[in-house]
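Quick notes on the structure that follows.
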Amino acid sequence: MQFWRLDQAEKSFQRALQLHRQVHNVLNEAKDIFGIGEVHLYRDNLDTAEGFVESALHLFKELHNIQGEADCLRRLAQVHVNQDQLEEAEKLLQHALQLCNQLPDPLGKAFNIGILGDVYLKRNKLDEAEQSFDCALQLCRQTQDLVGEAYNLEKLGEIRLRQKKLDEAEEMFERALQLCRQTQDPGGEAYNLAKLGEIRLQQTKLDKAEEMFERALQLSRQTQDPVGEASNLENLGEICLRQNKLDKAEELFERALQLCRQTQDPVGEAYNLEKLGEICLRQNKLAEAKEMFERALQLRRRTQDP
């Protein structure tokens with residue numbers, strides 16, 4: 001589901017849920033509730049998502065529907081990964097994998113192994129993460145799941161980035177980018193373009209990096225993704241800083257700052273304030289720089305972000 005389709009998806013699930021409850025169709029009721037939970041997961045409304053998926057899980061268990069139960073456990077695990085509750089996420093994934101082994105469900109198995117890779121990645125266990133994503137990638141290829149294939153290539157690219165293996169990371173993101181174009185996934189395309197821009201930035205190929213971030217920015221706007229838009233504006237601002245184009249950099253960081261406020265991202269807000277403070281320092285505007293850094297410090301303390 002893309003960002004601009006979430007409201008439509010939720011309305012459809014809600015209408016279907018009312019109809020299925022009227023005719024006492026419990027299986028489809030569970031599927032509708034699960035779908036609403038997925039919408040909230042995509043929106044990052046984690047507590048709300050957890051509530052809906054837990055309700056769906058209860059119904060699937062009553063119906064002895066193993067497939068539905070496995071799907072719910074996987075989504076609950078994703079919620080816990082996003083909340084950094086990694087131990088609980090791993091338990092849920094292991095349970096989901098046990099259920100998948102009772103079913104002819106290689107795609108579900110691939111999803112679970114991929115999320116398990118996310119758990120290892122958050123723990124900085126890169127070898128275990130790589131093994132998980134490689135296994136999930138092979139399963140996605142077997143089932144001809146191009147979206148899943150792209151996702152696992154992106155994760156393998158992220159591992160290569162952490163290992164400073166830029167050429168290998170570039171290859172992974174390029175392959176994922178082609179799959180996103182093939183599946184007409186502009187959000188995924190924007191993500192991979194931004195990652196390729198990061199690689200160019202690390203290689204100090206500023207013109208190439210700027211081109212990548214500009215293309216990613218347009219796609220982020222097209223998909224109404226303010227988080228991605230802010231990130232691309234920040235990267236373009238960083239390029240302008242390196243080129244000593246201070247006025248342009250200031251404009252870009254100001255726009256990113258407004259988006260971070262709109263999306264209630266205090267860490268992103270603090271980052272952009274710090275960048276604006278850096279620009280003020282270069283311009284010898286000491287009082288303004290002091291104000292920017294103090295506001296950023298307050299946000300860092302409030303969010304306990306170092």
Side-chain angles (χ1 to χ4, degrees), residues 1-6 9 38 41-42 74 78 81 106-118 120-121 126-127 129-236 238-239:
M1 277 181 276
Q2 302 297 336
F3 285 90
W4 72 95
R5 293 179 181 167
L6 293 178
E38 283 201 301
L41 181 56
Y42 279 108
R74 181 176 69 249
Q78 187 66 66
V81 169
L107 192 55
K109 187 175 181 180
F111 289 152
N112 286 307
I113 293 171
I115 299 171
L116 195 58
D118 282 326
Y120 291 134
L121 202 55
L126 299 188
D127 290 342
E130 182 177 359
Q131 184 178 357
S132 294
F133 292 127
D134 261 327
C135 180
L137 178 63
Q138 297 310 315
L139 287 166
C140 288
R141 284 174 174 163
Q142 288 173 25
T143 55
Q144 298 182 327
D145 174 25
L146 300 184
V147 175
E149 185 177 345
Y151 173 83
N152 287 290
L153 284 168
E154 290 163 5
K155 290 298 182 177
L156 289 167
E158 187 177 333
I159 290 170
R160 299 295 188 276
L161 267 183
R162 291 197 191 186
Q163 295 168 331
K164 304 298 182 185
K165 297 178 180 178
L166 299 186
D167 290 343
E168 292 181 31
E170 181 179 358
E171 180 186 350
M172 298 292 180
F173 290 123
E174 283 283 6
R175 286 160 61 191
L177 177 63
Q178 296 309 314
L179 288 167
C180 289
R181 286 173 174 162
Q182 191 175 337
T183 56
Q184 298 182 322
D185 175 11
E189 189 177 344
Y191 174 84
N192 286 290
L193 284 168
K195 284 297 181 182
L196 289 166
E198 286 180 32
I199 292 169
R200 302 289 186 275
L201 203 53
Q202 290 190 40
Q203 295 168 330
T204 64
K205 297 177 180 178
L206 299 187
D207 290 343
K208 288 287 186 182
E210 184 176 11
E211 179 186 343
M212 296 292 179
F213 290 129
E214 284 285 4
R215 288 161 62 192
L217 177 63
Q218 296 308 314
L219 287 165
S220 295
R221 287 173 174 162
Q222 179 185 321
T223 56
Q224 299 177 21
D225 173 15
V227 175
E229 185 178 348
S231 177
N232 287 305
L233 287 168
E234 289 163 4
N235 282 313
L236 288 166
E238 180 62 35
I239 291 171

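One-based numbering along the sequence shown.
- A pairwise comparison of heavy atoms in Gly157 and Ala169 identifies O-CB, 3.6 Å as the closest pair.
- Taking CD of Gln182 as the reference point, atom CG of Leu179 lies at 6.0 Å (rounded to 0.5 Å).
- Annotation for Glu154 and Phe173: closest pair O-CE2, 3.4 Å, computed over non-hydrogen atoms.
- Between Ala176 and Asn192, the shortest heavy-atom distance links the atoms CB-OD1, 3.4 Å.
- Across Ala190 and Ser220, no two heavy atoms sit closer than the pair CB-OG, 4.0 Å.
- When all heavy atoms are compared, the tightest approach of Gly114 to Ala136 is N-CB, 3.9 Å.
- Within the 4.5 Å cutoff, the side chain of Leu166 has no heavy atoms near those of the Glu170 side chain.
- Between atom OG1 of residue Thr204 and atom CD1 of residue Ile239 there is a gap of 11.5 Å, rounded to the nearest 0.5 Å.
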Q.
Evaluate Leu233 against Glu229 for side-chain contact (heavy atoms from CB on, under 4.5 Å), listing each step before the verdict.
A. CA-CA 6 Å; Leu233 287 168; Glu229 185 178 348; 4.1 Å; yes

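- Side-chain contact between Asp167 and Gln203 is present, with at least one heavy-atom pair separated by less than 4.5 Å.
- A salt bridge does not link Glu171 to Lys165: none of the charged nitrogens lies less than 4.0 Å from a carboxylate oxygen.
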Q: Kindly indicate, with the supporting measurements, whether the criterion side-chain contact (heavy atoms from CB on, under 4.5 Å) is fulfilled by Asp118 and Phe133.
A: CA-CA 9 Å; Asp118 282 326; Phe133 292 127; 3.6 Å; yes

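- Taking SG of Cys140 as the reference point, atom CZ of Phe111 lies at 6.5 Å (rounded to 0.5 Å).
- In Gln131, the CD atom is not crowded: 12 or fewer heavy atoms of neighbouring residues, nucleotides or ligands sit closer than 6.0 Å.
- Atom CD1 in Ile115 sits 13.5 Å away from atom OH in Tyr120 (nearest 0.5 Å).
- From Glu168, atom CD reaches atom CG of Leu156 across 10.5 Å, with rounding to the nearest 0.5 Å.
- Side-chain contact between Lys195 and Met172: absent, with no pair of heavy atoms (C-beta onward) separated by less than 4.5 Å.
- Two residues are said to be in side-chain contact when any heavy atoms from C-beta on lie closer than 4.5 Å; Glu174 and Gln178 meet this criterion.
- Put simply, the side chain of Lys109 does not reach to within 4.5 Å of the side chain of Asn112, judged on heavy atoms.
- Put simply, OG1 on Thr143 and CG on Leu107 are 4.5 Å apart, with the number rounded to the nearest 0.5 Å.
- Between Leu153 and Glu149, some side-chain heavy-atom pair lies under the 4.5 Å cut-off.
- When every heavy atom of Thr223 is checked against every heavy atom of Gly187, the shortest pair comes out as CG2-N, 3.9 Å.
- By the 4.5 Å heavy-atom criterion applied to side chains, Arg160 and Gln163 are counted as neighbours.
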